[in-house]
Trainee: 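Pasting in a structure now, in structure tokens, and then I'll have a few things to ask.
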There are 2 protein chains.
Amino acid sequence: MTVMHLSESTEMYLKAMAELGGQDAIAAARLAERLNVTPVSVNEMVRRLGEQGLVSHIPYKGVRLTKKGREVACNVLRRQRLWECFLYDHLKIEWSQVYEFACSLEHATAPEVTEALAGFLGNPQTCPRGNPIPAADGSFKPLDAMPLSEAKLGEMAQVLAVNATATDVLKYLQEKNILPGRVVTVIEVAPMQGPLTLHVGGKDVALGLSMAEFVLVKKIDK
Amino acid sequence: MTVMHLSESTEMYLKAMAELGGQDAIAAARLAERLNVTPVSVNEMVRRLGEQGLVSHIPYKGVRLTKKGREVACNVLRRQRLWECFLYDHLKIEWSQVYEFACSLEHATAPEVTEALAGFLGNPQTCPRGNPIPAADGSFKPLDAMPLSEAKLGEMAQVLAVNATATDVLKYLQEKNILPGRVVTVIEVAPMQGPLTLHVGGKDVALGLSMAEFVLVKKIDK
DNA sequence: TGGAATAATAAGGTCAACCATAACATTTTT
DNA sequence: AAAAATGTTATGGTTGACCTTATTATTCCA
């Protein structure tokens, strides 16, 4: 297999797709949101990625990673999350900033460096946001979790991972103590796509549904 | 002072100038060589850098870093060399590859990360190639050294630093044991810009003048 | 001092990744 | 089934950093 050089932009698109969708088709508009570009730009880029065999696009249905695309994406996620570990555990970088800084580093990381870093870190299994780190061969087992947005009134759940990437969102979650390991209780579910109200760390917190989608939890039986 | 975002390319030009010239004016052709671009491209870029107040260009005389340009360059060198330390000391990356990998990382490194990294490393003073690491404020004392290319027949000298950057050059120097700390003796100086022959580590080594320019040494009295 | 070598500038081209605007297609909702 | 919302495609534009080829300017050296 030819190891072409993939641009930073390409890596960002593939990573975003892996973070958002996993196996499923992703609406181009969702991609545009996460990458902060216009839907028109996404369309163009998706065409280019399609030509390279990295994604398949079914008009009006969404974009899906091909096998090849998923491999690349897992590799990007591996680099990203290993750097997150390093920045958080060793450099003591603020939790909410770790993603952002790791993201820049990730695109500048050669395979030799990735593997040496993994060794240095002791082959960690999860990043500070709780997400699993794909193995060197690209394999990784997804979390057995559901988005907090699907939790019902009165349910208790433990946060397993935070899949948000924007620093301001991460900062908000950090301030409100919605972090991996924490246990939250849903004490109100507002109608009309309204926010959830949670009890966590002795306090009540309102959380919009779209943010709650990126908080992955495991239900706890009472 | 406005903190505009400087492109990777800008950083590379400024860094190359700091590595090559220090205070002096640098011929555009030398820059073109080191950066592997055409002189025409250098000229264009130098104009852009001039407009940003980072360099001053005196036609037919050369390019020189302005105060502002030198500050940026020192900052880039700091990041570069700190990463070299990390890659070499902690990730055990091959000496000859360290520069190349650090170079990619350097452009992707936020100030917070730079300073946290410096702390993690214990504020090292030199990189694995022997070059001084500028302080956070940009200050740094240049080596008291001369290029090996200026050594005379019969002289002994200790290698203080290697200022080469190309991986294949570094690999050659590594194989021939021309590394910081080593002591070399000049046993032959060929005429017509010919190579130096050195005695180092029990072996004789031929070294072209242009390579010898990037080996910084301190003369040793016998 | 005149020619060679070197340096600079001009003109026009490429490429990736964006952008805006507008037209058109499809899906969803009412 | 029509209107609204969403998604797609077309067209044309921008920016940065490169490229080639050709011309002109300056410096160096014999």
Side-chain angles (χ1 to χ4, degrees), chain A residues 2-17 20-21 24-64 69 72 76 103-104 106-108 192-193 210, chain B residues 2 4-17 20-21 24-64 69 72-73 76 103-104 106-108 192-193 210:
Chain A
T2 356
V3 180
M4 65 204 124
H5 182 70
L6 299 172
S7 71
E8 182 163 332
S9 206
T10 298
E11 292 194 342
M12 285 302 283
Y13 273 79
L14 298 179
K15 187 175 75 171
M17 289 180 67
L20 286 178
D24 331 335
I26 296 140
R30 295 294 81 64
L31 262 182
E33 259 171 40
R34 181 161 268 227
L35 296 168
N36 262 304
V37 295
T38 62
V40 176
S41 300
V42 169
N43 238 279
E44 270 177 33
M45 190 62 178
V46 161
R47 185 182 41 70
R48 278 192 289 266
L49 295 176
E51 281 162 9
Q52 294 175 268
L54 296 165
V55 307
S56 67
H57 180 207
I58 301 142
Y60 300 101
K61 295 299 171 191
V63 199
R64 171 181 272 122
V72 174
V76 179
C103 185
S104 319
E106 146 219 321
H107 304 293
M192 285 187 67
Q193 319 269 55
S210 42
Chain B
T2 357
M4 63 206 123
H5 182 68
L6 300 172
S7 71
E8 184 163 329
S9 206
T10 297
E11 291 194 342
M12 285 303 281
Y13 273 79
L14 298 179
K15 186 176 75 172
M17 290 180 66
L20 287 177
D24 331 334
I26 296 139
R30 295 294 81 65
L31 261 183
E33 258 169 41
R34 181 160 268 227
L35 296 167
N36 262 302
V37 294
T38 63
V40 178
S41 300
V42 169
N43 237 277
E44 271 177 32
M45 189 64 177
V46 161
R47 185 182 43 69
R48 278 192 289 267
L49 295 176
E51 281 163 9
Q52 294 174 269
L54 295 165
V55 306
S56 66
H57 181 207
I58 301 142
Y60 301 99
K61 296 298 172 193
V63 199
R64 174 179 270 121
V72 174
V76 178
C103 184
S104 319
E106 144 219 321
H107 304 293
M192 286 188 65
Q193 319 268 56
S210 41

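Here is how names work: the chains are called A, B, and so on, in the same order as the sequence lines, proteins then strands, and each is numbered from 1.
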Trainee: Can Leu14(A) and Val55(A) be said to form a side-chain contact (heavy atoms from CB on, under 4.5 Å), step by step?
Mentor: CA-CA 8 Å; Leu14(A) 298 179; Val55(A) 307; 3.9 Å; yes

Trainee: Taking OP1 and OP2 of dC18(D), is either one under 4.0 Å from a side-chain nitrogen or oxygen of Ser9(B)?
Mentor: yes

Trainee: Could you tell me how far apart Leu31(B) (CG) and dC18(D) (P) are, to the nearest whole angstrom?
Mentor: 12 Å

Trainee: Any salt bridge (Lys or Arg N to Asp or Glu O under 4.0 Å) involving residues 38-49 of chain B? Give me the pairs, sequence neighbours left out, ordered by first then second residue.
Mentor: Arg47(B)-Glu51(B)

Trainee: Taking only residues two or more places apart in sequence or in another chain, which ones pass side chain to side chain contact (heavy atoms under 4.5 Å, CB included) with Ser7(B)?
Mentor: Ser9(B), Thr10(B)

Trainee: Give the rounded distance in Å between these two atoms: CD of Glu11(B) and P of dA17(D).
Mentor: 11 Å

Trainee: Of the nucleotides dA7(C), dA8(C), dA17(D), which has the atom closest to the Ala29(B) side chain?
Mentor: dA7(C)

Trainee: Atom CD1 of Ile26(A) to atom P of dT6(D): distance rounded to whole Å?
Mentor: 19 Å

Trainee: How long is the span from the CG atom in Asn43(A) to the NE2 atom in His57(A), to the nearest 0.5 Å?
Mentor: 5.5 Å

Trainee: Return the value, rounded to whole Å, for the distance between atom CD1 of Ile58(B) and atom C1' of dA8(C).
Mentor: 14 Å

Trainee: Return no unless some side-chain N or O of Ser41(A) is found under 4.0 Å from OP1 or OP2 of dA17(C).
Mentor: no

Trainee: Round to a whole Å and report the spacing from CD of Glu8(A) to P of dA17(C).
Mentor: 10 Å

Trainee: Is there any salt bridge (Lys or Arg N to Asp or Glu O under 4.0 Å) pair reaching into residues 33-42 of chain B, and which pairs are they, with sequence neighbours excluded?
Mentor: Glu19(B)-Arg34(B), Arg30(B)-Glu33(B)

Trainee: Just the rounded figure in Å: distance from C1' of dA17(D) to NE2 of His5(B).
Mentor: 14 Å

Trainee: Can you see which heavy atom on Tyr13(A) is nearest to which on Val37(A), and at what distance?
Mentor: OH-CG2, 3.6 Å

Trainee: Side chains of Leu6(B) and Gln52(B): does their closest heavy-atom pair fall under 4.5 Å?
Mentor: yes

Trainee: If the cut-off is 4.0 Å, is Ser7(B) near the phosphate of dA17(D), judged by side-chain N/O to OP1 or OP2?
Mentor: yes

Trainee: Would you name the heavy atoms of Cys103(B) and Lys15(B) that are closest together and state the gap between them?
Mentor: SG-NZ, 3.4 Å

Trainee: For Met12(B) and Leu35(B), work out which heavy atoms get closest and say how close.
Mentor: O-CD2, 3.8 Å

Trainee: What does the list of N/O pairs under 3.5 Å between the protein and nucleotides 2-4 of chain C look like, with a distance for each?
Mentor:
none

Trainee: Strictly below 4.0 Å: does His57(A) bring a side-chain N or O up to OP1 or OP2 of dT8(D)?
Mentor: yes

Trainee: Under 4.0 Å from any atom of DNA chain D, heavy atoms only: list the residues of residues 42-51 of chain A that qualify, in numerical order.
Mentor: Asn43(A)

Trainee: Report, one pair per line, the protein and nucleotides 22-26 of chain D atoms (nitrogen or oxygen only) whose separation is under 3.5 Å.
Mentor:
residue : atom : partner  : partner atom : Å
dA25(D) : N3   : Tyr60(B) : OH           : 3.3

Trainee: Between Met17(A) and Arg64(A), what is the shortest heavy-atom contact and its length?
Mentor: CE-C, 3.7 Å

